[in-house]
Amino acid sequence: MGGDLFAEAAERQAAAQRIEELIREIQEHDYRYYVLAQPIISDSEYDRLVAELRALEERYPELRRPDSPTQRVGGTVTKEFPIVLHRRPMLSLDNAYDFAELEAFAQRLRRLLPEATWTYIAQHKIDGVAVSLWYEGGVFVRGLTRGDGLQGDDITPNLRTVRGIPLRLRGVGYPPELEVRGEVYMMREDFTRLNALREEIGDPPFMNPRNATAGSLKLQDSAEVARRRLRFSAYFAEGEGLPDSDAERMQLLQAWRFPVVETFGPTDLGGVQTFIEAWEAQRDTLPYDIDGIVVKVDSWDLRELFGVTAKAPRWAIAYKYQPEQAITELRSITYQVGRTGYITPVAELKPVRLSGTTVKRASLYNYDEIERLGLHIPDVVVVEKSGEIIPKVVRVLPERRPVGAAPVVPPTVCPECGTPLVQPPGEVGRYCPNYRGCPPQVIGRLAHFVSRKALNIQSLGEKILRKLYEKGLVRTFSGLYALTPQQLQGIEGFAEKLPQKIVQNIQASKAVPYPRVLYGLGIRHVGETVAEKLAEAFPTIDALLSASEEAIAAVYTIGETIARSVRAYLDDPENRAEIERLRAAGLQFALQASPKASSEGPLAGKRFLVSGTFGEISRDTLIAYIERHGGQYASSVSKNLDYLVVGDSPGPSKLEKAKKLGIPLLSLSELEALVGVPVTESVA
Ligand code: IVH
């Protein structure tokens, strides 16, 4: 009895120590990834560390620390964000559009303090959302939006999910109370990915990374915020005992592990101009959008003397870059109906050259945008392109509007099927509610169903689907499985063998695994990953059909919105009937037992860890190879490890630790010798 207690205490202590280790290690990797942009481990290896930590924390909830990286995945649902007063107002900035205006800014300062001399710093002006972060004793305690400048929303749970924001400061010398301000933003790549994903699940796309960021920070479900991959970069630090020079403050912020916006200086106005010109030429190469350079007086004492006006400090100015623009004619507006019925207005333009491409169309995103711009047909409009984002109409030139031009009246009925449109409360977009009868919706759903990541039915493109739809041959997913080559023969323009091949491909899709079938159904908000999570939690369709909304929402990372959408889909009798028809046709509606890591094989019972790179062979391939031959993959170096497999440029800390613990190192060829089969032959 007493022995058990001892054992338990010892185990608990070991867990506490391991948690400590994991937190350190994950924080280190976060820093390398989000601040230095130099990761040293693969995503899957990182995920393993987090999974191990999460498992330990679930077992010992009392050991869960608020600064644990697992707390970044979110999960807090906030009904309303409390409003909190800023310690000092968050002001905005005056703008300068050329060097003359920049010179005028410096001149104003010289007139204010004719006796003084000073230097400037120049910083990237990232196009994101300003936030204020509070640290007490080096621990992140609160984060606010700018709000009206005097008071902002307390969005702490959402900000905790932003990986670059340190939850606990490293290093020494930070003030007991520290305020850090900076920009939350989204990388262009993450923005593109997010919009593609939104399209996939039927949500309207965001206009630009800034809108996407603002929208994400206001989400009530912090788990969803975590998925948005927001970034942070600091440009302001205030607290007792900080140096007078802002450039020095930026260096301190870096030492405490904040990502800091690209900063130059202290320098004179000439240096500032050089920085502005250098970045104007290169800003397209940055992975995020900057819309200008912020120029600030370096000294905080002098800033105090210069003071502020009602809305902006006198000691700073934003030099704004001109986005590339062109003037052209708006000829008409067309309306596209997507798979979910969402209506996207598109501006049809007289072709014009812009940033090296010819632009014929520009997205108008939604109806509000048409109204905001006050578009007429025809009209003369300014179009703009920034980064790799699709061109947009920024404004009209009303003075150049032809006589007789008429304001655009957005349709109230679906341009495709004539059904009156609906606007869900709180959304700017409008939808055609004719789910089953509106051709582009049905065809779009069929195209999604046959797409590569879903049922992967090749040779069945949107064009053919449209023909099949128009001829009344296929209107549902299950309709596909009843198609015969003879029916297809009747469609003009088909190569001889094609009908046979299509039918074969359709039949072959019956082997596609359950998660992809689930994804193929096109349930709103159910992308690839959600489908996988659902299938994991409910391994058969019957389990899912009878699961309550709460049970679905309880699945890790799924949440209420998705659960509601899934439940609504499954509760529709027509959808249920369709699922039954698909099941009868022989599609997969249960998870197959996966060929798990076998407990047999030459590596059985041994624990491995991999470090470094292995030429063509990816780390994931190597891990799969180890597991396939009975080995277990460990998440870090500990005394329980049996071998460390070392490639080129392995992590020095891992290597050192392994040596210290006397853990044998293996080269790739030694590992292959142990297994008896080379990696390339085993994992093919
Ligand atoms: S300083 C009182 N520095 O620009 C000083 N702002 O137009 C105001 N911004 O609300 C902020 N990068 O969201 C500063 N390096 C930078 C910045 C920056 C982006 C944003 C910030 C601010 C807006 C003002």
Side-chain angles (χ1 to χ4, degrees), residues 86-97 101-102 105 109 120-133 143-153 155 159 162 164-165 179-187 208-218 230-238 242 245-254 258-267 272 275-276 279-280 283 286-321 323 386:
H86 290 298
R87 280 243 311 197
R88 67 154 90 199
M90 285 183 85
L91 300 170
S92 77
L93 290 170
D94 287 332
N95 294 326
Y97 293 96
E101 289 180 12
L102 189 63
F105 154 75
L109 294 182
Y120 298 98
I121 59 159
Q123 289 180 323
H124 278 180
K125 184 172 190 306
I126 300 182
D127 200 8
V129 175
V131 297
S132 153
L133 312 175
L144 309 179
T145 62
R146 176 168 179 271
D148 64 4
L150 295 176
Q151 47 185 27
D153 289 341
I155 52 163
L159 288 172
V162 177
I165 295 179
E179 184 189 6
V180 174
R181 290 180 184 177
E183 206 78 351
V184 174
Y185 63 99
M186 199 178 272
M187 297 275 203
N208 53 43
R210 182 170 35 79
N211 283 0
T213 306
S216 302
L217 284 179
K218 292 216 190 90
L230 299 174
R231 309 282 173 137
F232 174 76
S233 242
Y235 52 67
F236 168 107
E238 191 167 24
L242 290 179
S245 158
D246 204 41
E248 282 174 36
R249 292 191 184 198
M250 294 305 112
Q251 278 164 12
L252 284 173
L253 283 179
Q254 263 167 331
F258 282 96
V260 171
V261 297
E262 180 79 25
T263 302
F264 180 70
T267 181
V272 166
F275 185 77
I276 290 174
W279 279 108
E280 171 138 46
R283 66 183 179 121
L286 285 170
Y288 50 84
D289 288 346
I290 60 172
D291 59 348
I293 299 293
V294 183
V295 182
K296 303 172 180 175
V297 170
D298 184 54
S299 158
W300 276 65
D301 286 347
L302 283 175
R303 290 181 182 187
E304 213 53 55
L305 290 178
F306 286 126
V308 299
T309 67
K311 71 176 247 295
R314 289 202 188 86
W315 45 263
I317 198 156
Y319 182 97
K320 290 294 236 356
Y321 290 131
S386 58

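Numbering of ligands and ligand atoms starts at 1, following listing order. Because only heavy atoms are used, hydrogens play no part in the values below, and waters and symmetry mates are left out as well, while side chains stay in.
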**Prompt:** Can you check whether Y120 reaches V297 side chain to side chain, under 4.5 Å on heavy atoms?
**Reply:** yes
**Asked** Is W315 close to ligand 1, meaning an N/O of one under 3.5 Å from an N/O of the other?
**Response** no
**Asked** Which residue supplies the protein heavy atom nearest to atom 23 (C) of ligand 1, what is that atom called, and how far is it?
**Response** K125 NZ, 3.9 Å
**Asked** Do any N/O atoms on R146 end up under 3.5 angstrom from N/O atoms on ligand 1?
**Response** no
**Asked** Would you say M90 touches ligand 1, if touching means a heavy atom closer than 4.0 Å?
**Response** no
**Asked** Which ligand 1 atoms does I126 reach within 4.0 Å, using its non-hydrogen atoms?
**Response** 12 (N), 19 (C)
**Fill in**
Correct closest heavy-atom pair for D246 and Y235 would be OD2-O, 4.4 Å
**Item:** Winner among K296, E262, R303 once heavy atoms are compared against atom 1 (S) of ligand 1
**Value:** K296
**Which of the ligand 1 atoms, numbered from 1, are nearer than 4.0 Å to a heavy atom of A130** = 10 (O), 13 (O), 21 (C)
**Asked** Distance from I290 atom CD1 to Y321 atom OH, nearest 0.5 Å?
**Response** 5.0 Å
**Item:** Residues W300, F236; criterion ring pair (Phe, Tyr, Trp, His ring centres under 6.0 Å); working and verdict
**Value:** CA-CA 11 Å; W300 276 65; F236 168 107; 5.5 Å; yes
**Message:** Please evaluate residues Q123 and T263 with respect to the criterion side chain to side chain donor-acceptor pair (under 3.5 Å), reporting the C-alpha separation (whole Å), side-chain torsions for both, the decisive distance (0.1 Å), and the verdict.
**Reply:** CA-CA 4 Å; Q123 289 180 323; T263 302; 3.2 Å; yes
**Asked** So which of Y185, F236, Y235 gets nearest to atom 22 (C) of ligand 1, if we judge by its closest heavy atom?
**Response** Y235
**ligand 1 atoms in contact with P313 (distance to a heavy atom under 4.0 Å)** = 2 (C)
**Message:** Counting only heavy atoms from other residues, nucleotides and ligands, does the tally under 6.0 Å from NZ of K320 exceed 12?
**Reply:** yes
**Asked** Considering only heavy atoms, which of L93, V308, V260 lies nearest to atom 8 (C) of ligand 1?
**Response** L93
**Request:** Could you say whether the N/O atoms of Q123 and ligand 1 ever approach to under 3.5 Å?
**Result:** yes
**Prompt:** Tell me, do P313 and D94 make a side-chain contact under 4.5 Å, heavy atoms counted?
**Reply:** no
**Message:** Let me confirm one number: the CD1-CD1 distance from I293 to I317, rounded to the nearest 0.5 Å.
**Reply:** 13.5 Å
**Request:** For ligand 1, indicate whether the residue E183 contacts it via side chain, backbone, both or neither (heavy-atom separation under 4.0 Å).
**Result:** side chain
